[in-house]
Amino acid sequence: MANVVVVGAQWGDEGKGKIVDWLSDRADVVVRFQGGHNAGHTLVVDGVTYKLSLLPSGVVRGKLSIIGNGVVVDPHALISEIERLKGQGVDITPDTLKVADNATLILSLHGELDALREGSNEGTRIGTTKRGIGPAYEDKVGRRAIRLRDLANLSTLRPKIERLLSHHNALRRGFGLPEFTVDAIYDELASAAPKVLPYLDATWEILDERRRAGDRILFEGAQGALLDVDHGTYPFVTSSNTVAGQAATGSGLGPKAVGYVLGIAKAYTTRVGEGPFPTELTDEVGRRLGERGHEFGTVTGRPRRCGWLDAVALRQTARTSGIDGIALTKLDVLDGLPEIRVCVGYELDGKRISRLPASQGAQARIEPIYETVEGWSGTTAGARSWAQLPAQAIKFVRRIEELIECPIALVSTSPERADTILVADPFED
Ligand code: GDP
Ligand code: IMO
Ligand code: MG
């Protein structure tokens with residue numbers, strides 16, 4: 001019996017929320033280990049939609065939900081998300097939700113800086129969610145961040161804020177903006193403290209105890225492997241490691257606690273924000289994928305760029321995350337297409353290559369080499385077993401397995417929790 005890590009295997013929005021919710025029926029604890037409220041995970045249960053950004057998707061089933069130390073936490077965003085979910089009837093208490101006391105805080109100054117940088121230069125724009133994710137991680141590794149535990153001891157907060165502001169006010173002066181005062185930041189933090197403190201705990205210890213007791217832990221990744229700060233399409237990435245290896249570091253468990261790695265991939269590809277996207281379609285087919293797949297960002301509402309499945313990039317992320325099996329989502333979006341293309345190689349400066357090059361220039365220049373497969377006339381939408389899939393759809397899934405050199409463990413055929421085909425149970429692997 002393995003603990004399972006769920007990671008995005010493309011550029012995010014692969015359907016991680018749906019799959020984590022589906023799998024969390026089999027889990028005892030669900031833990032987020034990186035990212036922050038840049039994530040937008042959507043679950044649909046009996047027609048009711050839940051949108052989660054910071055809260056682990058297990059909260060909807062009432063599972064013990066943990067926000068690990070690797071997450072950057074905006075305390076005001078956390079409070080409002082808890083209130084919003086409670087308003088939808090989800091029971092969230094300090095018994096069901098625990099937040100790592102050593103997690104790093106996102107302050108309003110981080111969001112402001114993020115937006116400022118994004119707005120100031122079109123040429124270097126990343127297309128971030130402007131949630132302050134990058135600036136908060138910068139402060140964490142710069143060793144000047146304020147952490148959740150610091151809210152428990154407000155009398156010691158002012159010197160920490162001064163340290164932080166010595167950096168940020170220098171930047172502000174550079175931008176020609178007024179400086180922040182210690183009082184303003186203090187008030188922002190002090191007002192959040194009473195509402196978040198009840199949830200704080202040494203979550204690494206809780207996870208370790210649960211693991212020893214034989215409980216099943218489900219690690220919920222955010223973003224996707226191609227947005228990983230090391231392995232993604234740098235610099236058009238997020239500011240954390242999104243690959244499966246981060247599950248251990250970002251939750252405070254050793255690498256052996258992670259058993260099975262489930263990568264989530266759409267049957268096609270999407271990306272929000274700037275950066276290379278070799279199989280992007282700007283034609284009618286791309287628009288059709290976007291419409292049928294309702295490809296609009298959960299967090300920012302931006303239309304997602306759409307394109308064919310990139311089996312080369314997916315084979316690579318299966319390796320950088322050590323993926324044991326793939327959950328293939330949104331197969332239904334391909335229903336009715338007469339033919340479907342899959343990228344099986346790239347052409348770079350007249351030569352065929354079989355991996356995503358590391359250089360930014362080469363990533364922008366590569367051209368996809370496609371294999372064309374026949375579409376299917378029947379429908380896959382809502383299918384819950386192999387038997388309900390058209391023969392050609394099964395052939396497509398099998399061909400993807402060959403191309404990415406990784407088995408498909410689950411297939412998803414609609415946003416609804418129950419519209420899922422189980423091929424191999426990750427927890428029983
Ligand atoms: P996440 O960030 O990886 O959790 O994915 P998002 O929730 O941002 O985006 C995935 C979108 O696709 C959501 O609106 C889901 O409800 C929806 N979705 C998930 N699986 C399927 C599926 O198999 N078919 C269809 N049509 N929609 C799906
Ligand atoms: P989920 O968990 C898709 C993208 C942004 C931008 C880049 C950097 O829902 O899959 P950031 O705000 O993190 O500094 O932005 O990363 N991005 C996502 N794209 N899904 C996400 O999360 C994303 N989180 C960040 O669009 O290109
Ligand atoms: Mg999303």
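We count ligands from 1, going down the list as the structure has it; atoms in each ligand are counted the same way.
Of all the atoms in ligand 2, the ones that sit under 4.0 Å from a non-hydrogen atom of Gly127 are 5 (C), 6 (C), 26 (O), 27 (O). Below 4.0 Å from some heavy atom of Trp11 lie the following atoms of ligand 2, by number and element: 3 (C), 19 (N). Within ligand 1, counting atoms from 1 as listed, the ones closer than 4.0 Å to a heavy atom of His41 are 1 (P), 2 (O), 4 (O), 7 (O). Ligand-side atoms of ligand 2 in range of Ala39: 1 (P), 2 (O), 9 (O), 22 (O), range being under 4.0 angstrom from any heavy atom. Remark: ligand 2 atoms within the under-4.0 Å shell around heavy atoms of Ala222 are 2 (O). Near Ser412, with a cut-off below 4.0 Å to any heavy atom, the atoms of ligand 1 are 20 (N), 21 (C), 22 (C), 23 (O). In the vicinity of Glu14, heavy-atom distances shorter than 4.0 Å reach the ligand 1 atoms 3 (O), 5 (O). Of all atoms in ligand 1, listed by their number and element, those nearer than 4.0 Å to a heavy atom of Gly17 are 4 (O). Counting the atoms of ligand 2 from 1 in the order shown, those under 4.0 Å from a heavy atom of Leu227 are 4 (C), 16 (O), 17 (N), 18 (C), 19 (N). Listed by number with element, the atoms of ligand 2 under 4.0 Å from a non-hydrogen atom of Ile126 are 27 (O). Within the listing of ligand 1, atoms 1 (P), 2 (O), 3 (O), 4 (O) sit less than 4.0 angstrom from a heavy atom of Lys16.
Of the candidates Thr129, Leu52, Thr233, the one placing a heavy atom closest to atom 12 (O) of ligand 2 is Thr129. Across the listed options Leu226, Thr238, Val237, Val272, Val272 owns the non-hydrogen atom lying nearest to atom 27 (O) of ligand 2. Of the candidates Arg271, Gln223, Gln10, the one placing a heavy atom closest to atom 1 (P) of ligand 2 is Gln223.
Considering only non-hydrogen protein atoms, atom 11 (C) of ligand 1 sits nearest to Lys330 NZ, 3.6 Å. Atom 16 (O) of ligand 1 has Pro415 CB, 3.4 Å as its closest protein atom, hydrogens excluded (heavy atom only). Here the protein heavy atom with the shortest distance to atom 15 (O) of ligand 2 is Thr128 CA, 3.3 Å. Remark: minimum distance from atom 15 (C) of ligand 1 to any protein heavy atom is reached at Thr42 CB, 4.1 Å. For atom 24 (N) of ligand 1, the nearest non-hydrogen atom of the protein is Asp332 OD1, 2.8 Å. For atom 6 (P) of ligand 1, the closest non-hydrogen atom on the protein side is Gly40 O, 3.5 Å.
Ring geometry, Phe396 versus Trp376: the interplanar angle falls from 30° to 60°, so the pair is classed tilted. Using cut-offs of 30° and 60° for the angle between ring planes, the Phe277 and Trp11 rings count as tilted.
With 3.5 Å as the limit, one finds a donor-acceptor pair spanning the side chains of Lys18 and Ser412. Asp335 and Thr380 share a side-chain donor-acceptor pair at under 3.5 Å. Side chain to side chain, Ser240 and Gln34 meet the donor-acceptor criterion of an N or O pair below 3.5 Å.
We find that Glu83 and Lys195 are not joined by a salt bridge, their nearest charged nitrogen and carboxylate oxygen being 4.0 Å or further apart. Arg304 and Glu14 are not joined by a salt bridge, as no carboxylate oxygen comes within less than 4.0 angstrom of a charged side-chain nitrogen. A salt bridge links Glu138 to Arg117: one of the charged nitrogens lies within less than 4.0 Å of a carboxylate oxygen. With salt bridges taken as basic N to acidic carboxylate O contacts below 4.0 Å, one links Arg173 and Glu179. The pair Asp114-Arg131 does not meet the salt-bridge criterion, since no charged nitrogen lies less than 4.0 angstrom from a carboxylate oxygen. A salt bridge links Arg287 with Glu284: at least one charged nitrogen is closer than 4.0 Å to a carboxylate oxygen. Comment: Glu374 does not engage Arg399 in a salt bridge, judged by the lack of any side-chain N to carboxylate O separation of less than 4.0 angstrom. Ion pair Arg26/Asp425 flagged as a salt bridge, since at least one NZ, NE, NH1 or NH2 atom sits closer than 4.0 Å to an Asp/Glu carboxylate oxygen. Under 4.0 Å is where a charged nitrogen must lie from a carboxylate oxygen, and between Asp139 and Arg144 at least one such pair does. The pair Lys63-Asp28 does not count as a salt bridge, with every side-chain nitrogen at least 4.0 angstrom from each carboxylate oxygen.
Between Leu337 and Arg288, some side-chain heavy-atom pair lies under the 4.5 Å cut-off. For the pair Tyr346/Asp310, a side-chain contact is recorded, criterion being any heavy-atom separation below 4.5 Å from C-beta on. In this structure the side chain of Val229 never reaches within 4.5 angstrom of the side chain of Tyr137, judged on heavy atoms.
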Exercise. Report the C-alpha distance between Glu188 and Ser108 in whole Å, list the side-chain angles of each, state the deciding distance to 0.1 Å, and finish with yes or no for side chain to side chain donor-acceptor pair (under 3.5 Å).
Key: CA-CA 8 Å; Glu188 178 184 332; Ser108 60; 2.7 Å; yes

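Here Phe236 has no heavy atoms under 4.0 Å from ligand 2, in either its backbone or its side chain. Contacts between Asp13 and ligand 1 below 4.0 angstrom, taking non-hydrogen atoms only, involve backbone and side chain alike. Residue Gln34 does not touch ligand 2, judged by heavy-atom distances below 4.0 Å. No part of Arg417 comes within 4.0 Å of ligand 1, judged by heavy-atom distances. At a heavy-atom distance under 4.0 Å, only backbone atoms of Thr413 (N, CA, C or O) approach ligand 1. Residue contacts with ligand 2 for Arg131 are absent, since no atom lies close enough (heavy atoms, distance under 4.0 Å). Residue-level proximity to ligand 1 for Lys18 is carried by the side chain, the only part with a heavy atom below 4.0 angstrom.
Contact detail for Ser57 and Val20: the closest heavy-atom pair is CB-CG1, 3.7 Å.
Contact between Gly40 and ligand 2 is present, with at least one heavy atom of the residue lying under 4.0 Å from the ligand. Put simply, part of Arg304 is less than 4.0 Å from ligand 1, judged by heavy atoms. No heavy atom of Ser239 sits closer than 4.0 Å to any atom of ligand 2. Heavy atoms of Lys16 come nearer than 4.0 angstrom to ligand 2 in at least one pair.
Where the criterion is an N or O separation shorter than 3.5 Å, residue side chain and backbone included, Glu274 fails it with respect to ligand 2. On a distance-only criterion, Val333 and ligand 1 share no N/O pair closer than 3.5 Å. The shortest N/O to N/O separation between Ser414 and ligand 1 falls below 3.5 Å. Annotation: Arg302 places an N or O atom under 3.5 Å from an N or O atom of ligand 2; distance criterion only. Every N/O-N/O distance between Arg292 and ligand 1 stays at or above 3.5 Å. Where the criterion is an N or O separation shorter than 3.5 Å, residue side chain and backbone included, Leu331 fails it with respect to ligand 1.
The nearest N/O/S atom of Asp13 to the Mg ion (ligand 3) is OD1.
Within the coordination shell of the Mg ion (ligand 3), defined by N, O or S atoms under 2.8 Å, Ala39 is absent.
The side chain to side chain contact (heavy atoms under 4.5 Å, CB included) test with Ile82 singles out one residue from Leu78, Ile79, Leu85, and that residue is Leu78.
In this structure, Arg149 places its CZ atom where only 12 or fewer heavy-atom neighbours from other residues, nucleotides or ligands lie under 6.0 Å away.
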